[in-house]
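Step one of this worksheet: look at the structure below.
Order of the sequence lines fixes the chain letters, A, B, ..., with proteins taken first and strands second; residue numbering starts at 1 for each chain.
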There are 2 protein chains.
Amino acid sequence: MSEKSRPLRADAARNRARVLQVAYETFAEEGAGVPIDEIARRAGVGAGTVYRHFPTKESLFQAIVADRLRQIVEWTRAQAAADPGEGLYAFLFQMAEQGATDLGLTEAFAGSGFDLAAALPDAEREFTGMMAEILAQAQRAGTVRPDLDTADIKTLIVGLQAMRRFRGDSELMRRVYPVIRAGLAVPDSAETSPRT
Amino acid sequence: MSEKSRPLRADAARNRARVLQVAYETFAEEGAGVPIDEIARRAGVGAGTVYRHFPTKESLFQAIVADRLRQIVEWTRAQAAADPGEGLYAFLFQMAEQGATDLGLTEAFAGSGFDLAAALPDAEREFTGMMAEILAQAQRAGTVRPDLDTADIKTLIVGLQAMRRFRGDSELMRRVYPVIRAGLAVPDSAETSPRT
DNA sequence: ATACAATCGGGGCGCTCGTTCCGCTTAGGA
DNA sequence: TCCTAAGCGGAACGAGCGCCCCGATTGTAT
């Protein structure tokens, strides 16, 4: 519908790109709660300039999250193509690491005052579709227990990101990741859970 | 130092108790971000009354978290005494369920703008001590892998609470809890983690 | 019943933050 | 170079919220 109606003046295009870049970094560092003024200041523009390009703070945040999701889908597909059995694990632990570096994405994922599926239905659909693919791949390869679906994976991502954010350093990798990995592996015998 | 300097008037004592109770429920429902006015309204008092009993919003929140931690320590010790091997799991999944019902506690635990150890050093110490006990118990009983410490358990709690909050219903129990349980169990062979 | 101090309530101050407005600046075609 | 409209910045507005203040109220000792 609203393609490039007019070519956008050179300085305006420059500012828009700069705002996007700075907003990405700032949301990653500070989360969705950061004031627009802070983003404007870091970008070296006035608040009005931000609002000319993005009608609300929410829309700016959404634009960045959508872009981020697209990057992750692309990265993950490449990983899964290289090693189908490991793709799901690579994806999972990559998402966990995002918890340490990208607070905005983590919040968007955990649904802290932001409904991903409602705000970005297309991006969410593609993301979930990609998850379904690599999960099925891993299950076919026998590296992940078969009684899990994409909703479970999403839940684990939210948990892993929270853990990663809680623990600042890579201790998480050395201790908790193996626990999760062991939990996701196909159980040896018939029983899925030891008790109850 | 500041014991009961004076007996506190009857209506004042009543209001104080009412504020505490209502604040507990409100923080649990809405999280630490809820306005003091909302708590005052629900308690049927003025905002000034809240501030006479608790000098800051933060101090009210702390009082409630401290109380909550004490309850959990007590409950968990009883569970662990009944079944040493299961105590750690009972504790872990109980904490996860708190994620669904007590947002305030979850935030305090995850450190969302609240440093538990700094704000309530005594309560935090007792809580961590209790965790060390039941973890050692479970490891002695052979139900939990030995290469984990209390920091790992805290990390898992943060993750589990985030997951429980993300998923509204008890699906979590049926799918994700067994994964965590399987991950925490003592590995069959020598290897702790399959790869890398 | 009376008096007085403890307590109460809620309006108000000060600050933060999202969003808007408008007079000034400047890109870029003629 | 000149003109015009696109674009700019940041002051300002309104809403939300923590916390304080003070005149009105009420428990309680006498």
Side-chain angles (χ1 to χ4, degrees), chain A residues 2-24 26-27 29-65 103-104 107-108 112-115 119, chain B residues 2-23 26-27 29-65 103-104 107-108 112-114 119:
Chain A
S2 59
E3 283 297 90
K4 297 162 189 170
S5 48
R6 255 176 310 91
L8 205 57
R9 225 169 69 179
D11 55 343
R14 209 180 316 123
N15 276 332
R16 186 179 201 282
R18 181 150 180 69
V19 165
L20 259 178
Q21 172 63 21
V22 168
Y24 166 49
T26 310
F27 280 135
E29 283 173 34
E30 313 285 342
V34 77
I36 282 287
D37 287 25
E38 171 68 14
I39 293 173
R41 204 181 49 73
R42 290 202 201 188
V45 302
T49 300
V50 176
Y51 278 98
R52 199 163 319 100
H53 293 299
F54 303 93
T56 64
K57 182 185 176 183
E58 179 81 2
S59 72
L60 174 57
F61 186 66
Q62 285 179 13
I64 285 162
V65 170
L103 180 53
E107 290 172 345
S112 310
F114 183 78
D115 187 340
Chain B
S2 60
E3 284 295 272
K4 298 163 188 170
S5 46
R6 257 175 310 90
L8 205 57
R9 225 169 69 179
D11 55 343
R14 208 180 316 126
N15 275 333
R16 186 178 200 283
R18 180 149 180 70
V19 166
L20 260 177
Q21 171 64 22
V22 169
T26 310
F27 280 136
E29 283 174 33
E30 312 284 343
V34 77
I36 280 288
D37 287 24
E38 170 68 13
I39 293 173
R41 204 180 48 71
R42 290 202 203 188
V45 301
T49 299
V50 176
Y51 278 99
R52 198 162 320 100
H53 293 298
F54 303 94
T56 64
K57 182 185 174 182
E58 179 82 0
S59 72
L60 174 57
F61 187 65
Q62 285 180 13
I64 284 163
V65 170
L103 180 53
E107 289 172 346
S112 312
F114 182 79

Subject >> Separation of B/F27 CZ from B/E107 CD (nearest 0.5 Å) >> reply: 9.5 Å
Subject >> Upstream residue (5' side of DNA chain C) when A/R52 and B/T49 are each assigned their closest nucleotide >> reply: B/T49
Original post:
Roughly, in whole Å, what's the span from CZ in A/F54 to C1' in C/dG18?
Top reply: 16 Å
Original post:
Closest to the B/L8 side chain: D/dC8, C/dT7, D/dG27?
Top reply: C/dT7
Original post:
Roughly how many Å is it from CG in B/D11 to C1' in C/dA6, rounded to a whole number?
Top reply: 8 Å
Subject >> Whole-Å gap separating C1' (C/dA6) and CZ (B/R16) >> reply: 16 Å
**OP:** Any chance you could measure A/F114, atom CZ, to A/E58, atom CD, to the nearest 0.5 Å?
**Re:** 5.5 Å
**OP:** Please state whether the phosphate of D/dG7, meaning OP1 or OP2, lies under 4.0 angstrom from any side-chain nitrogen or oxygen of A/N15.
**Re:** no
**OP:** Give the rounded distance in Å between these two atoms: CZ of A/R14 and C1' of C/dG28.
**Re:** 13 Å
**OP:** Let me have a per-nucleotide readout for nucleotides 12-19 of chain D, 5' to 3', with B, S or -, counting only protein heavy atoms under 4.0 Å.
**Re:** -----SSB
Original post:
How long is the line joining CZ of A/R9 and C1' of D/dA5, in whole Å?
Top reply: 8 Å
Subject >> Separation of atom CZ in B/R18 from atom C1' in C/dC8, rounded to whole Å >> reply: 15 Å
**OP:** Provide, to the nearest angstrom, the distance between the CD atom belonging to B/E38 and the C1' atom belonging to C/dG9.
**Re:** 17 Å
Original post:
What is the distance, rounded to the nearest whole Å, between atom CG of A/L60 and atom C1' of C/dT19?
Top reply: 14 Å
